[in-house]
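Residues take their numbers from the sequence shown, with the count starting at 1. Values below: all heavy atoms of this structure, side chains included; hydrogens, waters and symmetry mates excluded. These figures come from a predicted structure and were not determined experimentally.
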Amino acid sequence: MARIAAEAVITNYCEMKVSDCSTPAMRDQHAKTHGCVKAEFIVRKDLPIEFTTDLFRPGARYPATLRFSNGRGTAGSDRKIDARGLSIKLHEVGTDTILRVLAPDKAPAGEHDFALSSFPIFFCKNVIDYTLLMNAVSAPHATWREKLGQGLRWLEFVIRCPRQFYLFLRIAVEGLFTIRNPLTATYHSMSPYLFGEHKVVRYLVGPSNGRKQGTGWGAFPLWTRSENFLRDALVRDLDPHTHQSGDHAIVLDFSIRVRHAATPDDVEDASRWWTRRQDEVVRLGSIAISRQSLLAQNALYDCEHMVFNPWNCLPEHRPLGSVNRMRLAVYLASRQVRRKLNMVA
């Protein structure tokens, strides 16, 4: 199944390049970047011992890069229904990651990545569901026959996976109607991860206390929305020329949702809600973002060629479940083909 998903990614890239050779190959998902932001990741000094790991040591600090994005595989308007994404890259991490060990040429030393989206759970239960969805999304649709074939694949997905189709639409609709600013949204890893020796967790990143958490559905018609309104909000809130100098402009909390008495289904079903009373949210630290300019040409170039991978992590924080195992193949295929088509070393 992972091979099929990876082949779909490669096919998409090649078809896009054939149709327009001048178009750079974008990321397979989360293609549109709102901005890459320099930040500092700060672990709590009073972090309880049961949540202390080599990465999350009380008081540890790491330089970090944050990439805010849309969920689609094409760089379209922010006014379309879509999920929103946040990728985090820690720098100066002292231990080699899983990806660094498996493929040293694809993971620079000293990095650790997190990949998050704007909905608490993944829209597909497992890799089988995801493969059905990819068959529909990536089906050719240039001619009327191909469009009919793609429609039939979508129908198959809707019939076989109605809940997954509902989640797929809900994630995209909520992304548009409830997120006005990337810095006020809440992001989730969606799929489960190991934490330490035995804990099963999902990561959670959102505004610290005192900052608006989002926008209600009722306010949506009143928004002033350009095609790049999310990037505009990011640039405006971080612009050093329109704010007084001082402490960090924005602080995000970095937390984990710990699954109580995790079962194999909790690990393998990425679309399962975690709602047990004993589940707990633990704040591990914070991400401090200083005022900065996001529109420098070299910064935009570096941002577009930056690579994030959930498997670029320490073994005690490895991704869990079939969806995450598939992502290892898909992310590596995406990186390799995209860089070759763009003639980037």
Side-chain angles (χ1 to χ4, degrees), residues 37-68 84-95 111-122 178-179 181-214 237-238 247-262 266 272-290 308 310 312-314 316-320:
V37 175
K38 300 299 183 184
E40 185 177 28
F41 190 101
I42 306 166
V43 181
R44 283 173 53 185
K45 292 182 178 180
D46 61 345
L47 186 66
I49 186 65
E50 62 266 32
F51 298 105
T52 298
T53 66
D54 286 344
L55 183 67
F56 296 103
R57 304 183 311 276
R61 292 172 175 256
Y62 304 97
T65 303
L66 279 59
R67 177 181 180 264
F68 295 93
R84 314 304 181 190
L86 169 63
S87 298
I88 302 171
K89 184 180 291 294
L90 305 186
H91 305 278
E92 300 179 11
V93 176
T95 307
E111 295 183 351
H112 191 292
D113 295 347
F114 301 95
L116 306 102
S117 191
S118 56
F119 199 73
I121 60 175
F122 197 57
T178 65
I179 298 175
N181 186 329
L183 295 172
T184 59
T186 298
Y187 302 92
H188 313 260
S189 65
M190 304 177 86
S191 55
Y193 289 75
L194 182 68
F195 191 91
E197 295 183 359
H198 61 274
K199 293 183 179 66
V200 176
V201 307
R202 282 173 169 149
Y203 294 110
L204 181 69
V205 177
S208 62
N209 292 335
R211 185 165 175 84
K212 191 175 182 182
Q213 293 285 331
D237 279 10
L238 295 177
D247 293 335
H248 295 295
I250 306 293
V251 177
L252 305 178
D253 286 337
F254 187 97
S255 307
I256 52 174
R257 186 182 302 277
V258 184
R259 184 60 161 169
H260 175 75
D266 291 325
R272 170 174 284 200
W273 292 93
W274 290 2
T275 56
R276 293 181 189 146
R277 291 183 178 180
Q278 300 94 329
D279 295 346
E280 60 177 329
V281 174
V282 179
R283 189 178 71 86
L284 302 180
S286 59
I287 302 171
I289 307 172
S290 299
F308 298 87
N312 193 26
C313 63
L314 301 188
E316 59 189 342
H317 300 291
R318 71 177 181 272
L320 301 175

**OP:** Would you check if L320 and R318 make a side-chain contact, meaning some heavy-atom pair closer than 4.5 Å?
**Re:** yes
**OP:** Dump the intermediate steps for side chain to side chain contact (heavy atoms under 4.5 Å, CB included) on E92 and R61, then the final yes or no.
**Re:** CA-CA 9 Å; E92 300 179 11; R61 292 172 175 256; over 6 Å; no
Subject >> Non-hydrogen side-chain atoms of F308 and F114 separated by less than 4.5 Å >> reply: no
Original post:
Is R257 positioned over the aromatic face of W274, cation under 6.0 angstrom from the ring centre and no more than 45 degrees off axis?
Top reply: no
Original post:
Can you find a heavy atom in the side chain of R259 that is under 4.5 Å from one in the side chain of R272?
Top reply: yes
**OP:** State, with a plain yes or no, whether a side-chain heavy atom of V251 is found less than 4.5 Å away from one of I287.
**Re:** no
Original post:
Can you tell if the side chain of P310 reaches within under 4.5 Å of the side chain of Y203, non-hydrogen atoms only?
Top reply: no
Subject >> Electrostatic pair D266-R276, nearest N-O below 4.0 angstrom >> reply: yes
Original post:
Do K89's NZ or CZ and the ring of F41 fall within the cation-pi criteria of under 6.0 Å and 45°?
Top reply: no
Original post:
What is the distance from atom NE2 of H317 to atom CD1 of I256, rounded to the nearest 0.5 Å?
Top reply: 9.0 Å
**OP:** Please check if any side-chain donor atom of T65 sits under 3.5 Å from a side-chain acceptor atom of H91, or the reverse.
**Re:** yes
Original post:
Can you tell if the side chain of V37 reaches within under 4.5 Å of the side chain of F68, non-hydrogen atoms only?
Top reply: yes
Original post:
Once the angle between the rings of W273 and F119 is folded into 0 to 90°, is it parallel (under 30°), tilted (30 to 60°) or perpendicular (over 60°)?
Top reply: perpendicular
**OP:** Using a cut-off of 6.0 Å, state whether more than 12 heavy atoms not belonging to Q278 lie near its atom CD.
**Re:** yes
**OP:** Check whether any side-chain heavy atom of L66 sits under 4.5 Å from a side-chain heavy atom of I289, and report yes or no.
**Re:** yes
